[in-house]
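Notes follow once the structure below has been shown.
A, B, ... follow the sequence lines: proteins, then strands. Residue 1 opens every chain.
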Amino acid sequence: MHRWSKLFIPTLREAPADAEVASHKYLVRAGYIRQLAAGIYSFLFFGHRSMLKIANVVREEMDTIGQEFFLPALLPREPWDQSGRWTVMGDNMFRLKDRKGADLCLGMTHEEIMTTIARSELRSYKQLPQIWYQIQTKFRDEPRPKSGLLRVRQFTMKDSYSFDIDKAGLDKSFDLHDAVYRKIFTRCGLKFVAVEADSGSMGGSQSQEFMVYTDAGEDLIASCPVCGYAANLEKAISTLEPVTEMEATGDGKPELVSTPNCAAIADVAAFFKMSPASDIKCVAYMALERGQKGEPDSWQGVAAFLRGDHQVNETKLLSAIGAAELRTMVAEELEKYFKGPAGYLGPVGLTPDAKPLGAGLTVVVDKALEGRENMVCGANQKDYHQRNVVPGRDFSWTLAADIRSVNEGENCPTSSCAGKLVVGKAVEIGHIFKLGYKYSESMGARVLDENGKEITPIMGSYGIGIERILTAAIEQSNDANGFWLPASIAPFTVVVTITNMTDAALRETGEKVAAQLDAAGIDVLLDDRDERAGVKFKDADLVGIPFRINVGKKAAAGVVELVTRATATSVDVPIADTLALVKERVQEDYLLTNLADAE
RNA sequence: CGGGACGUGGCUCAGCCUGGUAGAGCACUCGCUUGGGGUGCGAGGGGUCGGCAGUUCGAAUCUGCCCGUCCCGACCA
């Protein structure tokens with residue numbers, strides 16, 4: 001049994017000046033973590049205990065579908081060269097050299113390593129499917145670590161990898177993970193949602209993120225309160241209201257109009273007395289194309305055209321053209337590609353490349369421009385616009401794609417659903433996706449199928465951020481005094497607070513109550529510090545323990561108090577009944593989180 | 001990487017503008033006191049003022065460079 005008086009639990013009255021979000025402040029104040037450097041934290045007793053509990057929940061559930069491995073964090077360069085990611089990972093990868101000068105890196109993810117094992121060990125379809133996972137430290141040299149444990153450079157991740165014979169097998173592995181993840185997050189007491197996601201630089205097809213709504217989050221997700229549609233803004237779509245087209249003027253052909261000082265869309269709309277929805281706006285980028293097989297990287301011009309009232313979603317644009325990075329064009333580049341200045345860029349007269357990222361200009365139009373008529377756009381000439389512009393008739397493009405971000409209030413994309421989308425901030429706690437053949441193919445993993453033919457296993461990759469479960473749990477359950485965790489992941493389930501250590505009878509009762517809980521397997525912490533009651537109460541409220549038993553004045557009458565942190569409610573309970581009641585409450589706590597999360 | 005802020009005992013901060021003894025609260029140690037929501041009183045210990053260089057008789061304070069941390073943006077399985 002743990003005694004507070006013997007432990008190192010450095011609680012703080014004040015939050016460090018660096019802390020911004022609630023979870024960061026409370027993790028430090030409650031003595032869970034201490035910062036060592038930007039994005040690098042030490043876990044103290046409470047923090048580590050909570051992390052172990054989370055990892056154990058994850059492990060218990062993962063063991064129902066897969067096998068746990070333990071892989072190196074210090075990795076040689078070769079597998080990364082084989083997958084091509086030694087260069088793709090760029091500055092996000094921590095790199096070092098050994099004494100012989102050989103390149104090494106710290107593992108930021110383990111597709112390559114798992115695939116290396118699969119390649120050298122798996123020979124037959126009879127050995128598939130396999131699901132291998134690890135719960136280990138990952139390293140990423142984040143350009144901007146922030147928000148305490150939310151975005152860090154060293155963190156703990158459960159990641160698993162599936163190897164299947166075919167797509168149907170992959171679907172099954174994916175679904176198994178989906179189901180297990182829901183159990184894990186539910187057991188951790190999180191109110192999560194599963195959303196469609198962009199698969200990013202990992203490649204692959206289907207991709208789903210598990211998110212917890214919180215303002216501390218860095219992702220935006222769009223969801224429909226009516227039908228339950230939910231997607232990361234990088235992926236979300238919507239159904240647009242029909243637009244009332246403007247009447248054509250003159251002969252209906254594009255007409256040059258002098259529009260002095262109308263560089264902003266609002267000015268153009270006012271000038272033509274039209275809605276910004278009838279304007280075509282241009283966002284001009286330079287896109288980075290990664291060189292294949294040793295070729296150098298190159299920057300190519302890209303023009304994105306959208307409705308005037310829409311915004312570019314750069315993630316969508318990147319995946320539409322297959323580029324690695326985007327930056328906006330500078331004035332000289334605008335002159336080179338458009339012969340016109342910012343504010344007056346337009347699609348008419350451009351010669352789009354046949355394929356994305358060619359030597360000329362890649363022209364991408366947003367889907368919302370297709371089928372439109374009589375629009376207004378820049379004339380690639382200062383102080384001039386054109387009207388009567390019809391996409392497809394008056395200009396062409398390299399490709400049309402969905403490259404815009406949906407807005408709150410737009411119609412849900414689900415047919416027959418009348419809901420309006422809402423957009424909220426969230427933190428990503430898990431991500432599952434179908435990798436496909438990217439790693440097994442490039443790294444040469446092959447097995448023989450039942451006909452003796454060589455086939456390439458299809459892979460899936462599935463991650464859970466252990467620290468993020470802790471942060472998300474704190475973000476969703478805190479008040480002015482501290483936070484509370486569900487018993488499943490709290491460092492202790494119950495703290496027994498002896499309110500006055502000078503009273504020998506109270507000490508004895510407290511010891512007895514705690515010992516009784518301890519013997520029954522309840523994770524109990526006995527607060528036997530020689531402190532005033534107020535100090536102990538404040539600490540207990542701060543540190544995330546879901547239940548507290550006060551051993552105080554009523555103890556002489558054989559009664560203690562059971563306080564539930566989440567609700568700040570207290571009940572008197574005969575000492576003999578405490579164990580049974582605590583068990584009951586823990587069970588309720590579990591059921592409560594279960595019910596709350598039925599998604 | 002672009003923009004901004006900050007760096008003074010363990011923590012939160014004042015002092016800097018206008019150069020001359022390094023301060024407060026919390027925390028810590030000792031004594032007394034108190035004992036159901038961070039008890040009160042007294043006495044103590046603890047800081048090369050992020051680093052380096054410069055200006056000056058003299059730098060926490062002025063100047064330059066560097067380092068670190070945080071915030072916004074970019075970036076991000």
Side-chain angles (χ1 to χ4, degrees), chain A residues 10-21 24-25 28-29 31 34-40 83 85 88-93 107-112 138 140-148 150-153 155 157-161 197-204 207-210 218-219 232 234 285 288 314-315 318 324-328 427-435 438-439 459-465 480-482 497-503 506 527 529-542 548 550-555 560-561 563 568 570:
Chain A
T11 58
L12 264 30
R13 272 193 207 224
E14 287 172 292
D18 286 346
E20 200 78 9
V21 301
H24 186 194
K25 290 177 183 169
V28 174
R29 281 193 57 199
R34 288 295 184 263
Q35 183 173 27
L36 183 62
I40 304 177
S83 70
R85 290 208 295 182
V88 170
M89 287 307 192
D91 289 337
N92 263 20
M93 180 183 262
M108 49 199 303
T109 173
H110 280 74
E111 279 83 5
E112 280 81 355
K138 307 275 165 160
R140 289 183 197 177
D141 194 359
E142 289 288 345
R144 184 145 105 82
K146 58 178 287 198
S147 305
L150 222 45
R151 178 162 293 282
V152 287
R153 297 196 290 174
F155 57 99
M157 173 173 265
K158 187 292 299 180
D159 52 335
S160 45
Y161 304 89
D198 180 66
S199 37
S201 67
M202 298 298 302
S207 170
Q208 179 176 294
E209 287 169 337
F210 293 86
E218 301 180 286
D219 286 278
N232 194 303
E234 297 173 348
Y285 291 101
L288 179 69
E314 296 189 358
T315 304
L318 275 174
E325 284 180 34
L326 291 175
R327 65 167 176 79
T328 48
V427 57
E428 176 187 353
I429 51 172
H431 196 165
I432 60 179
F433 54 99
K434 299 178 180 174
L435 274 181
K438 176 171 172 157
Y439 299 94
M459 294 174 61
S461 164
Y462 319 85
I464 290 179
N481 296 319
T497 303
I498 298 170
T499 57
N500 184 351
M501 287 298 288
T502 62
D503 184 330
L506 285 191
D527 191 351
R529 291 174 298 168
D530 185 16
E531 290 286 354
R532 295 169 59 90
V535 173
K536 297 184 174 191
F537 294 160
K538 286 287 185 191
D539 270 343
D541 284 349
L542 174 64
R548 180 173 91 221
N550 290 337
V551 178
K553 288 167 179 161
K554 301 165 195 160
V560 293
E561 293 160 354
V563 182
S570 136

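Nucleotide B:rG35 holds its C1' atom 5 Å from the CZ atom of A:R532, rounded to whole Å. Regarding A:N232, its CG atom lies at a distance of 12 Å from the C1' atom of B:rC76, rounded to whole Å. When rounded to the nearest whole Å, the span between CZ of A:R327 and C1' of B:rC1 equals 13 Å. The CG atom of A:D530 sits 13 Å away from the P atom of B:rG35 (whole-angstrom rounding). Between the P atom of B:rG37 and the CZ atom of A:R13 lies a distance of 14 Å, rounded to the nearest Å. One can place CD1 of A:I429 at 22 Å from P of B:rC76, the figure rounded to the nearest angstrom.
Contact of A:E561 with B:rG36 (side chain to base): a donor-acceptor pair of N or O atoms is detected under 3.5 Å. Between the base of B:rG36 and the side chain of A:N500 there is no donor-acceptor pair shorter than 3.5 Å. Contact of A:D503 with B:rG35 (side chain to base): no donor-acceptor pair of N or O atoms is detected under 3.5 Å. For B:rG38, the base has no donor-acceptor partner in the side chain of A:N481 [N/O atoms by modelled type, under 3.5 angstrom]. For a distance-only test at 3.5 Å, the side chain of A:T109 qualifies as a donor-acceptor partner of the base of B:rA77.
The nearest pair of heavy atoms linking A:E218 to A:R151 is OE1-NE, 2.9 Å.
Under the side chain to side chain contact (heavy atoms under 4.5 Å, CB included) test applied with A:N232, the options A:E209, A:H431, A:Q208 reduce to a single match, A:E209.
Under the Watson-Crick and G-U wobble criteria, each requiring two contacts below 3.5 Å, nucleotide B:rG2 is paired to B:rC72.
The pair A:E111-A:R85 meets the salt-bridge criterion, since a charged nitrogen lies less than 4.0 angstrom from a carboxylate oxygen.
Both A:H110 and A:L12 sit near RNA chain B, but only A:L12 has its closest nucleotide nearer the 5' end.
When heavy atoms are screened at a 4.0 angstrom cut-off, A:R34 is found touching no nucleic acid atom at all. Across all strands, A:Y161 comes closer than 4.0 Å to base atoms (heavy-atom distances). Note on A:R548: a base of the nucleic acid sits closer than 4.0 angstrom, heavy atoms only. Among the protein residues, A:D141 comes within range of no part of the nucleic acid, since none of its heavy atoms lies under 4.0 Å from any strand. Base engagement by A:D159 is indicated by at least one non-hydrogen atom pair under 4.0 Å involving a base atom. Within 4.0 Å (heavy atoms only), A:P16 reaches sugar-phosphate atoms of the nucleic acid but no base atom. Looking at heavy-atom distances under 4.0 Å, A:D91 makes no contact with the nucleic acid at all.
Between B:rU61 and B:rA77, the distance separating the two C1' atoms is 49 Å to the nearest Å. As rounded to the nearest Å, B:rC75 and B:rG2 have C1' atoms that lie 12 Å from one another. On the C1' atoms, B:rG10 is 7 Å away from B:rA27, given to the nearest whole Å. B:rG36 and B:rA43 have their P atoms separated by 28 Å, given to the nearest Å. Between B:rA60 and B:rC70, the distance separating the two P atoms is 28 Å to the nearest Å. Taking atom C1' in both B:rU48 and B:rU33, one finds a spacing of 40 Å when rounded to whole Å. One C1' atom belongs to B:rG23, the other to B:rG4, and the distance between them is 29 Å to the nearest Å. Only the C1' atoms considered, B:rC1 is 46 Å distant from B:rG45, to the nearest whole Å.
Looking at A:K138 and A:H110, their side chains do bring a donor and an acceptor atom within 3.5 Å of each other.
Taking the side chain of A:K138 as heavy atoms from C-beta on, and the options B:rA77, B:rG38, B:rG25, the nearest nucleotide is B:rA77.
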Task: Contact state string [nucleotides 69-75 of chain B, B base, S sugar-phosphate only, - no protein heavy atom under 4.0 Å] - done: SSBBBBB
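At distances below 3.5 Å, not a single donor-acceptor pair connects side-chain atoms of A:R140 with backbone N or O atoms of A:N92.
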